[in-house]
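Reading through the structure tokens given below for one structure.
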Amino acid sequence: MTTRSDVRPILSVSGLSKSFGATTALADVGFTLAAGERLAVLGENGAGKSTLIKMIAGVYPPDRGKMTLDGAPHRPSSPGAALAGGISVVYQEPSFFPRLSVLENLYVGREPRDRAGQVDWRRMRGRGEELFRRLDVPVELLTRRMDALSLAEQQLALIARAVDIEAKVLILDEPTSILTDAEVRRLFLIVQRLSEAGVGVLYITHRFEELEHVADRFIVLKDGRLAGDLPASEADHDRILEMMSGRPVNAAISRSAAQPRPVVLETSGLTVPGAVSDVDLTVRRGEVVGLYGLVGAGRTELALTVFGVLRPTAGTMRVDDRPHTPRGPRDAMAAGIAYLPEDRKTLGIFPGMDTLSNITAVKLPELLGRLGVIRRAEERKLATTWIDRLRIKAPTPAFPITGLSGGHQQKALFARQLATEPRILILDEPTRGIDVATKTDIQQRLVEVAREGTAVLVVSSDLPELLAVSDRVYVMREGRVAAELSGDDLTEDAVLRATMGVNR
Amino acid sequence: MTTGALPRRPLRDRVSDRRVFLAVLVVALGALMSLLSPYFLEVGNLLAMTQYGAVIGLLALGVSLVILGGRGGIDLSGGSALSLSGIVMGLLAQNLGLSPWLAALVTVAFGALLGSVNGFMIARLGLPPLIVTLSTLFLYGALAQVLTGGGQLGGFNREGFAALGQSAILGVPAQVLLVLAPAFAVAIWAQNRTAFGRRLHQIGTSDRAATLVGIDVSKLRFRLYCLSGALAALGAVVTNAWLLTARPSAGLGMELQAITIAVLGGIHIFGGRGHLSGVLLALVVVVVLSWGLQLAQVGNSVQTGILGLVLVGAALLNNLLTRRAPG
Amino acid sequence: DMRNIRAGLMAVVTATALAACSTVGGPAGQSAAPSTGGGEGPKVAFVSQVEGVPYFSAFKEGAEKTAQSLGMSYTQAGPSTADATEQLRIFNSLVQQGYSAIAVSPLDPRSMNPAIAAARKKGIVVVTADADAPDSERQLFVQQASDAALGATVMDEIAKAMGGTGKYGIVSGAADTQTFNSWVAEARKRQQSTYPALELVGGVRYTTDTAQALKEAQDLMTAYPDLKAIIAVPSTAVPGVAQAVQNAGKTGKVAVSGFGSPKTARTYVESGVMTSTVLWNVPDLGVLTVWAMKQLLDGKQLAAKNTVPGLKDPVEYSAATKTLVMGPPMVFTKANIAQYDY
Amino acid sequence: MTTTTVPSAFAPSARMLVVLRNALLPILLVAEVIFFTVAAPGFLSAANLANVVINSADLALLAAGVTLVVLLAGIDVSVGPMLGVVAWVGATLFVAGMPPALVVVIALLLGGALGAINGALVVGGRISPIITTLGTAAIFKTVLFILWDSTDVFAGPVVPALGPARAGGLPLVGLVVLAVFGVLAYVLRHRVFGRRLFAIGNDAEGARLLGVPVGRTAFAAYVLVGVLVGLAALIYVGRVGVVQATAGNELTLPAIAAVVVGGTSILGGEGGVLRTLGGLVFIALLQNGVVLMGVPPLWNGVLVGAAVALAVAFDVLTRRTLDKRIGAKK
Ligand SMILES: Nc1ncnc2c1ncn2[C@@H]1O[C@H](COP(=O)(O)OP(=O)(O)OP(=O)(O)O)[C@@H](O)[C@H]1O
Ligand SMILES: Nc1ncnc2c1ncn2[C@@H]1O[C@H](COP(=O)(O)OP(=O)(O)OP(=O)(O)O)[C@@H](O)[C@H]1O
Ligand SMILES: [Mg+2]
Ligand SMILES: [Mg+2]
């Protein structure tokens, strides 16, 4: 990757600090971003990355520190002011307008207007279509309601909105966490084009393999402090990892081969209109089965069908060789199935509640005494065990879950499912937003859980992750199983070919 | 990395708790009222005053549960359900000559039935709560009128039934000691200690997440509406024992008072947040305020406005003290 | 930051408003001030059906004057809407404050009974006035005019305007207000016995406020284009019904009468929309009520015919029903309505 | 970035279904009119329909105002009592001989000012709209009681267009109401202010992140509600002719009912004033038709309550089924 010759600083930050009550989220951080430069911000979960960009974007005022944008002091009084100053952001926890169309979502706050000051719907539509064509997103989506889209489609729309804003600085907070390879590559192209046009890009990611494509330079945050600032040419993964965690990290997971064991979950001819067609799939005891595909391939729907949320119109499912016809998640849970949803904001967390009860939510029936009274000591013990085990950064178990960083929220949800010791564990984008070190932990744990006798089905758009943990991978395309790969056939190349429908 | 050492709840959270605020308000109002009227602080008076909170308290409890259950939950039909249940009890006791005690039991079941109509339309069919309960507000209120042809029913002053609304035990009105207090005690206990309470908050904060952790969301929500209906009917039973008359307009306008008490008590209108103990305190605030003003001979219509000022002022002060988003 | 400053400002505004409001509350409590000051004789009170309406204000006018002349202090209070529990609360608060005699116009005939019994047990004189609670332990009912006379009078007025035949409608108040129901029942009884050629159409329409009465009256006229008269029962319905007739341009074609106070009906009686309004001398009812309380406080027996200071005609007393009847209803027409200020 | 495309064979019929979905409320209205035309003599006469228009005109304006704040995910339950206060002031000034034009201006300003109180409490005081307006509703009731002071105020229409007057059989207030709804519908669709209401109602925090001036917009919406209430108050005076102590109180619930029956989501960010107009017409015709049908008076509420519940059930359930067919999730 070439460093740009144009070194005019577009954004510079110095001495930036921010605390939330007793938590210091960011302390004395400084760096410069040159015009056209692509800067990756790295750090463990809770290191302060999102806090940093929220201050740049005017969401929180900094407690201390200075920022300049394009040479002038940058002290945004509101997100709107930052936006007007030329800062465009895709936030980690996506915020959008569920009951508006995708088109309206794209232009909220910057609707094209005609001379009479009226909202110019025709021009808006034209610009939206052009934008989506440019980004290779289906134009039909523009008229759909935002909440009718899959999570990944929503994410694409939000990215489209951010890149369409004519900005000096584009900030992307973990934009790829649920995108698959093809979409991610498309995104890199856009980023590159923008940086060539002189836009400074701040990019947050936990996917190391992306770094060489998106970054000219890295900064690393650790516990809210700047732990490193180096050009891409000098970075190697181990060094960055060490800066992030302050200790050497083993990024590889170890696993033994799966033993042939009985089939626990089996679907045959499973069909859900508009999403899943004629899917045959098996998962054995002790085995990790991966599920890969493009956005909209139907993986999430397949998982939801097994978990009893969606009703199939054809085909059968069997669990332990008995017919599995769940009328809802409760039936699925009774059959020993656990499911970690991909959309933690709307399907995962209970936002008003504390970390403790978020973790014990599924386990609750086993924590009850007479009259449905919760045995509180036991519940607390369970929660703290998992908080320690997954190193969830919560000041107390009673801390509200929404006060945790995105990655730690995800860990809490992971704990919720692991705590139930299920027979079948279905994980939809399980390491979404989780930092590298912890990710390895979780992947390791996932393999262990399988080896201890659970049947694990992992939906992930993170192909390296999927290849690292899976014994077998199904590739889905347009609702169908396009390939089943295992053993020596299970290579990155083979998966991608199947995904695209390219003949080998 | 976690746990143990830190206090369970940050101090600021405690101060910002609506309940602390309401408790202070009760004391302040009590002091103010005793200045306004020399009769206010008489012990007999203090206890007797609680009787006015019994009926509206039951309704506020019901609507609080429904609001806590989330998804825009609200029960506007509480007042009308009270009227209709009261009339049904009157028909049973007066026209059919049933024992008032038995009639009371049947009435509470009937109230649950009225609630189940709301519950069915809201939880099973997924219709918007506001519109469903608005319809039943009209429907139940009108049915009460139809059943009596506009008149009133009696027949409650038998078999010692009137004691439920007329007598006092150790100075505490029976309807408070035997109905309101136990209802709130059970509800507060259930909210804080039982799976029911936990699940109530879970469906209230995220419907869809609750489904995925295995809660039968529509069943639970259905039950909340039944409960609200049953509590309204209990309110009707108390009213009948107290006034010895069932009027078809007995509950008129009570739904808004009940909602006022619920939100004053800190029940968050979008569900999942708030404490029933706060609702109890809000009830005390409202009762103290209106009884005190009554003793100070402040006209009834002016009391309404002062209550409104207290509602807004309390919310404002609470926000000011805690600097937190919408109360 | 700005928002806190703004919030602070709001708090100040609210606090000021609260303070302002408590001074506004002052006048309402003024009548109480001398009474709680005490010492100048027994305290008596009247609990109306609803606070502030001109009708009860007129009552207060007569009552207050009489109380003063008899050396007593007088208080009047009532619920803001016709709500039986509110009324009970007000009654009990007066009991609590040590009043010697309380008169009440109960919203319904039963719900007051236990409270009346309790007050009697405390040695307080309790009478009903304007409306009755016949099964209660009240010592006396001060009646303005008999329901029968009121119903018959309004029916006579309407029948006269209709020329003895045709369709008429009734717009009443809340369906469960006993007083209105009795008047309506008596009016219909009179019609059936005396004016068989008249026909009630559309049933009795129940309403809660003026705007609703207006709508009901309008719909009645649409449904029955040959409607010839409407009886408007409560004082909220009177202007609504009259306005509907006026809006429809049917002044003179649809006759209106009812039980509105002269002040409420005056505009319409004078413009000819209303033929008349039927009521009684309301201040006199206040006079009589306070006088009656005084008699009971003094332990005096009532005679079959009593002369009351301030009233022109003697007042009849029925010992059997413990009822004191003021006299026949009054009919207010264009000729005399301007003389009455209530 | 290929995503699964909607099968193209599906598209035309999906469009039909979308059209059908949006036509549900009009279909219900037509059904209602046909039913009452047959069942209620006199229903379909010009005079009766004009009466319905005149008698619902003030309510329509309140409902329009409530729609604006419901779109914001707010609510205003103080519109009825607010109307009472403005009506009293307007009628009193008019009777005192103030020029009509001035009375109109003052009424609109006063309404706007009362609305501004709500707006300031919601935006500046960060109190939830329901608490704010429950509180101010109580305060407005008391204020009217004190102003009224046991004296009814009798007044005629301040200007003819705000009274029961008709031109060639057409009620003038109907035209005023239509004009207001037309302007509001235009604003909601074509002005930035309108688009902001929708965005805020969907996600206020998200809107703030995109530079939408959330506080200012919300405040303006509450003020606008007040102005509409001010106009409605003049219409109230014009048609009822008298202001009493509880004037307007009974209008709050029907106004909210019109909004929700029309199908504006109480969660905010979805719906519009034309839907509200549909809901209002549905309820107004229902109440009128039921009386003309000769239903015994006490049964009115039963029929109205049941009909509203059934209509909404029909609307919501059919729409949901159609949405499934169209392929939109949730
Ligand atoms: N609103 C808040 N209230 C309290 N604490 C907060 C809040 N936002 C962030 N924090 C805390 O600040 C710290 C930094 O959080 P931040 O979200 O910036 O981390 P991050 O680096 O983005 O992590 P992740 O990779 O998990 O997204 C965390 O300890 C978090 O708990
Ligand atoms: N045939 C189809 N017609 C219309 N929309 C479709 C169709 N198939 C999929 N979709 C849309 O694509 C979405 C994606 O489905 P799903 O979430 O199961 O895919 P996924 O492979 O898990 O991808 P993601 O990464 O988006 O979760 C669906 O919610 C739906 O909106
Ligand atoms: Mg983050
Ligand atoms: Mg998915």
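This is a predicted model, so every value here is computed, not measured. What you see below is based on every heavy atom in this structure, not just the backbone, and it leaves out hydrogens, waters and symmetry mates. Reminder, nothing fancy here: chain letters follow the sequence lines and each chain counts from 1.
Heavy atoms closer than 4.5 Å to chain B are found in both the backbone and the side chain of Leu371(A). With a 4.5 angstrom heavy-atom cutoff, Arg273(B) touches chain A only via side-chain atoms. Residue Asp207(B): no heavy atom, backbone or side chain, is found under 4.5 Å from chain A. For Ala190(B), no part lies under 4.5 angstrom from a heavy atom of chain A. Within the 4.5 angstrom heavy-atom criterion, atoms from both the backbone and the side chain of Val373(A) approach chain B. In this structure, the portion of Leu368(A) lying under 4.5 Å from any heavy atom of chain B is its side chain and not its backbone.
Considering all non-hydrogen atoms of both residues, Thr360(A) and Arg198(B) come closest at OG1-NH1, 3.8 Å. When all heavy atoms of Gly348(A) and Ala209(B) are compared, the pair lying nearest together is O-CB, 3.4 Å.
Considering CD1 of Ile374(A) and CG of Asn192(B), their distance stands at 9.5 Å, rounded to 0.5 Å. In this structure, the separation between NZ on Lys219(B) and CZ on Arg330(A) is 5.5 Å, given to the nearest 0.5 Å. In this structure, CZ in Arg208(B) is found 12.5 Å from CZ in Phe350(A), a value given to the nearest 0.5 Å. Distance CD/Gln202(B) to CD1/Ile349(A): 12.5 Å, rounded to 0.5 Å. Rounded to the nearest 0.5 Å, atoms OG1 (Thr205(B)) and CG (Asn358(A)) are 7.5 Å apart. How far CG of Leu212(B) is from OG1 of Thr346(A): 9.0 Å, rounded to the nearest 0.5 Å.
Applying the 6.0 Å contact sphere to CZ of Arg71(B) captures no more than 12 heavy atoms from other residues, nucleotides or ligands. Within a 6.0 Å sphere centred on CZ of Arg445(A), heavy atoms belonging to other residues, nucleotides or ligands number more than 12. Counting non-hydrogen atoms of other residues, nucleotides and ligands closer than 6.0 Å to CZ of Phe120(B) gives a total of 12 or fewer. The environment of CZ in Arg199(B) is crowded: more than 12 heavy-atom neighbours from other residues, nucleotides or ligands sit within 6.0 Å.
Of residues 414-427 of chain A, those residues lying under 4.5 Å from chain B by any heavy-atom pair are Arg416(A).
Ranking Gly204(B), Gly271(B), Gly214(B), Gly197(B) against chain A, the residue ahead of the rest is Gly214(B), based on heavy-atom pairs under 4.5 Å.
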